[in-house]
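Okay, structure first, notes after.
Note that the structure is predicted; figures quoted are calculated from it, not measured.
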Amino acid sequence: NINFEIIVSENGSTDNTLKLLKELKKKYTSNFKYLSITKPNYGLALKNGIIESKSDFIICEELDICDIDFFNKVQNLLENNIYDVIIGSKNHIQSKDLRPKSRILTSKILMLILKYFLNFKGTDTHGIKAFNNKIKEVVHRTKLDKDMFATELVIRASNSKLRYFEVPIELREIRTTPIPLFRRISKALSQILKLIILRYNGKLN
């Protein structure tokens, strides 16, 4: 008994994803839509999906992070207007992070950098998220796209007047990441430097 819409925001896939999305749109005409950009850009795809949503509440799933229990955890919190922004944190003290140790260590180092240089008070910025549509005002202030859009969005949300909360998740890796870890780290650090510059110019709130 819930009115809902599903938005798939595809970006630069080279398999049959776009073809499948077109077929799904023909089958589910009323509450399914897809967005598509030609180049791989995770942040822009996520940003477009959030802006495109017409719903009161928005839940952002990742194709490689699916925790069905997250829906149960956030539904009442959103519907009862308890929180505005809810993050499924793999670094939460009650979470089960079953990824390789190198990935866990990288995440912890990233969080230390965000805490020290950007005064981030949460424990995670990537992964599944839920918001009410107040988040759109924050989205329109963001400057970055690609991998660090989500980090900027969560930091801005936690620094704003929105009510911020984190819930634990269970995370396991069922496929290795297609992007080498050192490349992801180098790209992330260059984007974090941009966020640090924004913060010290008073433009990260």
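Summarising the local packing, NZ of Lys115 is surrounded by more than 12 heavy atoms from other residues, nucleotides or ligands at distances under 6.0 Å. Around CG of Asn201, the count of heavy atoms belonging to other residues, nucleotides or ligands within 6.0 Å exceeds 12. Within a 6.0 Å sphere centred on NZ of Lys54, other residues, nucleotides and ligands contribute more than 12 heavy atoms.
Under the 4.0 Å criterion applied to side-chain N and carboxylate O atoms, Asp84 and Arg163 are assigned as salt-bridge partners. Taking 4.0 Å as the cut-off between side-chain N and carboxylate O, Glu152 and Arg156 count as a salt-bridged pair. Comment: Glu52 engages Lys33 in a salt bridge, judged by a side-chain N to carboxylate O separation of less than 4.0 angstrom. Using a 4.0 Å cut-off between charged side-chain N and carboxylate O, Arg172 and Glu170 make a salt bridge.
Counting all heavy atoms, side chain and backbone alike, Lys194 lies closest to Leu144 at CD-CD2, 3.8 Å. What you find for Cys60 and Phe131 is that their closest heavy atoms are SG-CE1, 3.6 Å. Shown here for Thr29 and Lys25, the closest heavy-atom pair between the two residues is O-NZ, 3.4 Å. Pairing each heavy atom of Lys146 with each of Tyr42, the nearest pair is O-CD2, 3.7 Å. Of all heavy-atom pairs spanning Ala45 and Ser9, the tightest one is O-OG, 2.6 Å. In this structure, Leu195 and Leu204 approach most closely via the heavy-atom pair O-CD2, 3.8 Å.
Remark: side-chain polar atoms of Thr125 are not paired, donor with acceptor, to backbone N or O of Val154 under 3.5 angstrom. Using a distance-only test at 3.5 Å, with no hydrogens or angles considered, a donor-acceptor pair links the side chain of Glu10 to the main chain of Gly12. With Asn132 contributing its side chain and Lys134 its backbone, the two residues share a donor-acceptor pair below 3.5 Å. Remark: the backbone N or O of Leu171 is not paired with any side-chain donor or acceptor of Arg99 at under 3.5 angstrom. Counting only distance, with no hydrogens or angles, the side chain of Gln75 and the backbone of Leu78 share no donor-acceptor pair below 3.5 Å. A donor-acceptor contact shorter than 3.5 Å links the side chain of Asn41 to the backbone of Leu44. No donor-acceptor pair under 3.5 Å is formed between the side chain of Ser53 and the backbone N or O of Ile50. For the pair Thr106 (side chain) and Ser102 (backbone), a donor-acceptor distance under 3.5 Å is present. For the pair Lys47 (side chain) and His140 (backbone), a donor-acceptor distance under 3.5 Å is absent. At distances below 3.5 Å, not a single donor-acceptor pair connects side-chain atoms of His126 with backbone N or O atoms of Ser107.
Going from atom CZ of Phe120 over to atom OG of Ser158 covers 5.0 Å, rounded to the nearest 0.5 Å.
The side-chain heavy atoms of Lys22 and Tyr34, taken from C-beta on, include a pair separated by under 4.5 Å. Two residues are said to be in side-chain contact when any heavy atoms from C-beta on lie closer than 4.5 Å; Lys129 and Val85 fail this criterion. Side-chain atoms of Arg199 and Phe117, non-hydrogen and from C-beta on, never get closer than 4.5 Å to each other. Side chains of Asn119 and Ile155 form no contact here, defined as non-hydrogen atoms less than 4.5 Å apart. The closest side-chain heavy-atom distance from Pro168 to Ile93 is not below 4.5 Å. In this structure, the side chains of Ile135 and Leu153 come closer than 4.5 Å at one or more pairs of heavy atoms. Contact of the Ile59 side chain with the Ile128 side chain is not registered, since no non-hydrogen atoms from C-beta on lie closer than 4.5 Å.
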Applying side chain to side chain contact (heavy atoms under 4.5 Å, CB included), run through Ser89 and Val167 and close with a yes or a no. CA-CA 6 Å; Ser89 171; Val167 298; over 6 Å; no
Give the C-alpha distance, both sets of side-chain angles, the deciding distance and a yes or no for salt bridge (Lys or Arg N to Asp or Glu O under 4.0 Å) between Glu23 and Lys27. CA-CA 6 Å; Glu23 292 173 356; Lys27 184 176 181 180; over 6 Å; no
Please walk me through it: do Thr17 and Asp15 pass side chain to side chain donor-acceptor pair (under 3.5 Å)? CA-CA 6 Å; Thr17 297; Asp15 54 13; 2.6 Å; yes
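When Lys90, Glu166, His92, Lys108 are each tested for a side chain to side chain donor-acceptor pair (under 3.5 Å) with Thr123, only one passes: Glu166.
Between Phe165 and Tyr83, the ring-plane angle classifies as parallel under the 30° and 60° cut-offs.
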